[in-house]
Amino acid sequence: MSFEKFISEANEAVKFSLKKLEIKNETFNLTEPTREEFGDLSCNVAFLLTKQLQKSPHVIASMLVEQYHQFRKTDSNSQSYISSVVAHESGYINFEANLALIGEEVISHILKNDNLRVDIGKGKKVIIEHTSVNPNKALHVGHLRNVAIGDTIYRILRDTNHDVKVLNYVDDSGLQVADILVGFLFLKFPVTPPNNNIKFDTYCGNEIYVKVNDLYEKDPTLVEKRKLLLKKLEQGDPEIISFASEITSKVLKDQLRTCWRMKARYDLLNFESHIIISKLWEKTFERMRNENIIIKETEGENAGCWVFGSDVEGIKIIVRSDGTATYIAKDIPYALLKVGTLEDQFRYQVFLKQWDNTTLWSSTTDDLNEANQLNFFPAEDSITVIDNRQTRLQKIIKEILNKFESNSNRYMHLAYGPVLLSNRTAKDLGMESENQKSVQMSGRKGVFVDADFVLDTLYRKAREETIKRNPDITGKDLERTSEEIAISAMRYSLIKNDLDKELKFDMIDSLSLDGNSGPYLQYAYARCCRLIEKSNINSFSGDASLLSDPIEYRLIKHLSKYALSIEDTIKNMEPKLIALYAYELATMFNLFYEKLPILKESDVELSQARISLVEAIRKILKIFISFVGIIPLERM
RNA sequence: GGGCCCAUAGUUCAGUUUGGAUAGAAUGGCUGCCUGCGGAGCAGUUGGUCGAGGGUUCAAGUCCCUCUGGGCCCGCCA
């Protein structure tokens with residue numbers, strides 16, 4: 001795209017001038033200046049040469065710019081993306097872009113192409129695993145951050161020509177599942193919730209899980225019972241497995257309803273029980289022994305254990321002295337499957353149809369005759385979205401993969417900070433908070449905010465607003481619009497911040513539909529749509545060279561960077577960059593809308609040029625907000 | 001005890017990867033803008049010793065060191 005061409009031309013220009021002055025090649029930076037009056041690109045090369053040349057930055061900059069101007073004189077007939085170069089007294093060399101030229105290229109490129117896909121992946125196969133919530137409770141807002149990050153990355157990769165498969169790992173045989181089994185089997189909780197209105201996942205998480213954990217302290221025999229159940233689960237006791245499977249699949253289906261509500265989708269569910277049954281762990285264990293990746297300790301405190309000597313983390317026990325696998329061990333076969341060190345021997349069956357009509361598959365241990373050997377594994381790259389408390393373990397897993405065939409760079413842990421409840425929200429929910437700024441959530445203690453509860457509250461708020469603004473909207477339209485505004489508000493608020501940082505969740509702030517929010521972006525999009533609709537134009541042939549207002553230039557410049565923004569997002573795995581780009585575009589558009597007449601412009605040609613600009617903005621905005629999971633609404 | 005992350009306006013956050021020009025948004029408070037293309041908008045105003053101290057540099061919110069405060073991880077738990 002054109003802005004890249006501008007950058008590379010500026011880069012060439014500086015290099016050319018340096019060469020002319022016989023200055024040895026310095027590495028310099030071209031960055032976007034802090035203020036608009038300094039142009040569109042600044043070069044710091046003069047600062048770097050002060051020592052070498054014993055001259056002030058401004059003098060050096062002037063010398064270089066002089067060279068460029070002489071060159072341009074001899075080459076004045078070729079078209080340039082640079083419209084001016086100035087040596088600023090500060091020492092910067094400031095480039096101004098030829099926005100008339102860039103505008104024409106960019107607008108016509110956007111308008112002419114139905115498919116604005118940036119081909120970054122070139123068909124590369126990528127696996128992304130996200131959500132992976134234990135199937136014993138309903139999702140809380142913390143899980144939603146995982147879903148939003150994972151699904152956003154999925155959407156971006158998919159639309160940049162990656163062959164993406166989305167995985168959701170279901171730990172259906174772990175401790176947390178054993179906890180609720182204790183509730184059903186020993187505390188006699190009915191399998192059908194007494195209250196018909198409660199979702200099954202909420203019932204398990206809010207009533208059984210919390211209650212059981214509460215009772216462990218009072219009744220130690222219950223802990224023993226759980227231990228027994230866990231052992232049976234891990235060893236594949238048919239009766240327990242079958243009961244557990246009945247419970248977990250009911251919970252899972254309810255959890256998926258919440259994820260689908262968030263407009264996430266998946267390709268494959270992998271059950272831990274299937275990994276156990278298929279003996280994948282045994283195979284992994286054998287290979288690790290054979291290849292001397294793990295060794296058996298014969299003396300000391302870890303005598304009898306199989307351990308992995310990590311370079312960074314020291315000795316890590318993989319198999320206990322009683323022969324059972326530790327927590328980290330269970331993740332190894334799955335990771336090996338992803339990168340292809342272990343062969344995929346699973347069969348697959350249809351689990352459910354999803355909201356977007358795609359098929360959700362699941363691994364199966366049933367011996368099916370149908371040809372359901374799908375190619376989910378392996379992938380060239382695999383991304384696992386897990387919160388940053390697992391960073392240490394994930395590092396070790398990478399190290400172990402590396403021992404197999406140095407392919408650990410194909411396995412990436414995408415870490416993010418946990419979601420905390422703001423002091424205010426914690427208080428509102430009746431949770432104690434001793435003057436802290438925020439409160440950790442805990443499913444076990446019942447300190448969390450249910451995801452559907454938040455979405456329902458957001459929905460009611462959006463509905464209120466929608467009715468206020470559109471008195472004529474009713475029924476299904478009203479419901480759909482309100483829901484889509486609610487989801488968009490939620491997804492945007494989960495994605496717009498830095499992944500590293502903890503996310504403070506405040507119920508009242510998250511209900512805001514103004515300012516830097518999902519609905520703000522939807523509103524800008526809806527405005528674009530209305531303008532296009534009212535203009536009655538369906539072929540856009542406006543002359544972009546007529547657009548010369550600074551506001552229009554800013555829009556053109558921003559539009560010309562859309563591909564760069566997508567590349568940056570993928571390179572750095574920073575979904576917030578997409579959110580930021582979309583927000584800036586919407587802000588610029590709103591200003592444009594406010595200050596310059598579009599349909600009302602009396603100069604017909606200028607009006608058409610502006611309508612074309614609006615259409616270009618609309619197309620790009622749609623792509624970007626859709627990445628984040630914001631639903632583009634033509635009216636709201 | 002060891003390791004990782006964080007600290008910027010009353011509040012929630014950008015900006016730190018790659019040092020650069022007057023540190024930006026949003027929100028809150030105050031004030032303007034619809035007989036104008038949709039006011040979920042736009043504009044103005046208020047609000048900052050960038051946690052503290054030292055160092056490197058022509059130049060530090062950004063790099064280095066020390067310290068303080070907060071969080072997380074470090075089990076033959078999961």
Side-chain angles (χ1 to χ4, degrees), chain A residues 27 29 31 33-35 37-38 42 44 47 50-51 56-57 88-92 94 134 171 174-176 178-179 230 297 301-307 312-314 316-324 326-328 330 387-393 395 415 417-418 420 422 424 436-438 440 462 465-466 468-470 485 489 493 496-498 500-506 509-510 512-524 526-527 530-531 534-535 571-572 574 576 579-580 583-584 586-587 589-601 607 610-611 614 635-636:
Chain A
T27 52
N29 271 340
T31 52
T34 46
R35 291 164 64 195
E37 61 190 85
F38 297 139
S42 291
N44 66 344
F47 296 105
T50 46
K51 264 205 180 128
S56 79
H88 190 264
E89 58 183 345
S90 63
Y92 278 106
N94 290 335
N134 282 317
D171 182 359
L175 192 72
Q176 301 209 6
D179 281 331
L230 185 61
E297 296 271 15
E301 52 178 357
N302 295 334
C305 297
W306 288 91
V307 301
V312 266
E313 303 292 342
K316 197 78 198 167
I317 294 168
I318 304 295
V319 175
R320 301 184 190 101
S321 53
D322 67 0
T324 56
T326 56
Y327 178 64
I328 184 171
K330 293 176 191 166
D387 77 61
N388 60 18
R389 286 172 301 194
Q390 301 262 359
T391 302
R392 219 184 175 96
L393 283 184
K395 229 185 243 172
L420 310 179
S422 74
R424 177 167 62 177
Q436 298 158 343
K437 281 196 131 181
S438 46
Q440 278 279 347
E465 293 292 320
T466 308
K468 211 187 289 174
R469 290 159 222 274
N470 306 282
I485 291 169
S493 73
K496 71 174 178 189
N497 291 338
D498 201 288
D500 281 340
K501 291 188 181 164
E502 294 160 347
L503 186 78
K504 266 164 224 138
F505 180 78
D506 185 89
D509 287 350
S510 78
S512 159
L513 308 176
D514 309 322
N516 190 353
S517 70
Y520 176 90
L521 300 180
Q522 283 178 307
Y523 186 67
R527 272 182 157 177
R530 290 289 283 158
L531 285 171
K534 284 198 164 183
S535 75
K571 199 174 97 195
N572 303 312
E574 281 282 11
K576 70 174 176 190
L580 182 68
Y583 176 65
E584 285 176 346
T587 304
F589 166 72
N590 276 331
L591 183 63
F592 168 63
Y593 179 89
E594 197 76 24
K595 301 291 180 201
L596 300 174
I598 302 163
L599 301 177
K600 289 182 305 182
E601 170 57 51
S607 174
R610 286 185 176 156
I611 292 164
V614 171
R635 294 179 192 223
M636 61 185 285

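Computation of the quantities below employed the complete heavy-atom set of this structure, encompassing side-chain atoms and omitting hydrogens, waters and symmetry-equivalent molecules. Residue numbers start from 1 in every chain, and the chains themselves are labelled A, B, ... in the order their sequence lines are given, proteins ahead of strands.
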Asks: B/rU17, B/rU18, B/rA43: which one has an atom nearest the side-chain heavy atoms of A/N572?
Replies: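 In terms of side-chain proximity for A/N572, the closest of B/rU17, B/rU18, B/rA43 is B/rU17.
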
Asks: Taking atom C1' in both B/rA25 and B/rC42, what distance in whole Å separates the two?
Replies: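 One C1' to the other, the span is 15 Å.
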
Asks: Give the nucleotide from the list B/rC6, B/rA25, B/rG71 with an atom nearest to the side chain of A/Y583.
Replies: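 It is B/rA25.
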
Asks: If the P atom of B/rC4 is compared with that of B/rU49, how far apart are they to the nearest Å?
Replies: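 The answer is 31 Å between these two P atoms.
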
Asks: For nucleotides 73-78 of chain B, read 5' to 3', which letter fits each nucleotide if B means a protein heavy atom sits under 4.0 Å from the base, S means only the sugar-phosphate is that close, and - means neither?
Replies: BS-BSB

Asks: With distance as the sole criterion, do the side chain of A/N94 and the base of B/rA21 form a donor-acceptor contact below 3.5 Å?
Replies: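 Counting by modelled atom types and ignoring angles, a donor-acceptor contact under 3.5 Å is found here.
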
Asks: Write down the distance between CD (A/E584) and P (B/rC42), rounded to a whole number of angstrom.
Replies: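 It works out to 14 Å between those atoms.
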
Asks: From the set B/rG71, B/rU18, B/rA21, return the single nucleotide nearest to any side-chain atom of A/E502.
Replies: B/rG71

Asks: I need the CZ-P distance between A/R635 and B/rG41, as an integer number of Å.
Replies: 20 Å

Asks: Does the A/K496 side chain pair with the main chain of A/N516, one donor and one acceptor, at a distance under 3.5 Å?
Replies: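 Side chain of A/K496 to backbone of A/N516: a pair is present.
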
Asks: Taking side chain to side chain donor-acceptor pair (under 3.5 Å) as the definition, give me every residue that meets it alongside A/S42, ordered by chain and number, with sequence neighbours left out.
Replies: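 Side chain to side chain donor-acceptor pair (under 3.5 Å) check on A/S42 returns A/N94.
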
Asks: Please give the stem ranges for RNA chain B, sorted by first residue number, where a stem is three or more consecutive Watson-Crick or G-U pairs and both donor-acceptor distances are under 3.5 Å.
Replies: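 So the stems come out as B:1-7 with B:68-74, B:10-13 with B:24-27, B:28-33 with B:41-46, B:51-55 with B:63-67.
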
Asks: Grab the N/O contacts between the protein and nucleotides 28-37 of chain B below 3.5 Å, and write none if there aren't any.
Replies:
| from | atom 1 | to | atom 2 | distance (Å) |
| --- | --- | --- | --- | --- |
| B/rG36 | O2' | A/K600 | NZ | 2.4 |
| B/rC37 | O3' | A/K534 | NZ | 3.4 |
| B/rC37 | O2' | A/Y593 | OH | 2.3 |
| B/rC37 | O2 | A/L599 | N | 3.0 |
| B/rC37 | N3 | A/I598 | N | 3.1 |
| B/rC37 | N4 | A/Y593 | O | 2.9 |
| B/rC37 | N4 | A/L596 | O | 2.7 |

Asks: Excluding sequence neighbours, so at least two apart, what forms side chain to side chain contact (heavy atoms under 4.5 Å, CB included) with A/K595?
Replies: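 Listed in chain order: A/I551, A/L591.
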
Asks: Angle class for the A/Y583/A/Y520 ring planes (parallel below 30°, perpendicular above 60°, tilted otherwise)?
Replies: tilted

Asks: Just how far, in rounded Å, is P of B/rG15 from CG of A/D500?
Replies: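 Going from CG in A/D500 over to P in B/rG15 covers 10 Å.
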
Asks: Select base, sugar-phosphate, or nothing to describe what A/K468 touches, counting heavy atoms under 4.0 Å on all strands.
Replies: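 Nothing, no heavy atom under 4.0 Å.
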
Asks: By nearest atom, which of the nucleotides B/rG15, B/rC42, B/rG38 is closest to the A/N590 side chain?
Replies: B/rC42

Asks: In B/S/- notation, 5' to 3', how is nucleotides 44-52 of chain B contacted by protein heavy atoms closer than 4.0 Å?
Replies: ---------

Asks: Could you tell me how far apart A/L420 (CG) and B/rU12 (C1') are, to the nearest whole angstrom?
Replies: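 In whole Å, B/rU12 C1' and A/L420 CG are 13 Å from each other.
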
Asks: Within this structure, what is the NZ-to-C1' distance between A/K51 and B/rU56, rounded to whole angstrom?
Replies: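 The distance from NZ of A/K51 to C1' of B/rU56 comes to 11 Å, rounded to the nearest Å.
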
Asks: Identify, between A/N497 and A/Y520, the residue whose nearest nucleotide on RNA chain B lies closer to the 5' end.
Replies: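 The residue closer to the strand's 5' end, by nearest nucleotide, is A/N497.
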
Asks: Closest-nucleotide mapping onto RNA chain B: is A/S42 or A/K504 further toward the 5' terminus? I mean the 5' end.
Replies: A/K504

Asks: Using a cut-off of less than 4.0 Å, is there contact between a side-chain N or O of A/K496 and OP1 or OP2 of B/rU12?
Replies: no

Asks: Backbone N or O of A/S438 within a donor-acceptor pair of the A/S422 side chain at under 3.5 Å?
Replies: no

Asks: Between B/rC58 and B/rG19, how far is it from one C1' atom to the other, in whole Å?
Replies: 12 Å

Asks: By nearest atom, which of the nucleotides B/rU17, B/rG41, B/rG15 is closest to the A/R527 side chain?
Replies: B/rG41

Asks: How close or far is atom P of B/rC5 from atom NZ of A/K501, stated in whole angstroms?
Replies: 13 Å

Asks: Measuring from the side chain of A/A526 (C-beta onward, heavy atoms only), which nucleotide among B/rC6, B/rA21, B/rG38 has the closest atom?
Replies: B/rG38

Asks: When you compare the ring of A/F47 with the six-membered ring of B/rA59's base, are the centres less than 5.5 Å apart and the planes under 30° from each other?
Replies: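 Aromatic stack with B/rA59 absent for A/F47.
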
Asks: Decide yes or no, distance alone: a donor-acceptor N/O pair under 3.5 angstrom between the base of B/rA25 and the side-chain of A/T587.
Replies: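 It does not, because no donor-acceptor pair links the side chain of A/T587 to the base of B/rA25 below 3.5 Å.
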
Asks: Provide the closest heavy-atom pair for A/R424 versus A/D506 in the form atom of the first, atom of the second, distance.
Replies: NH2-OD2, 2.7 Å

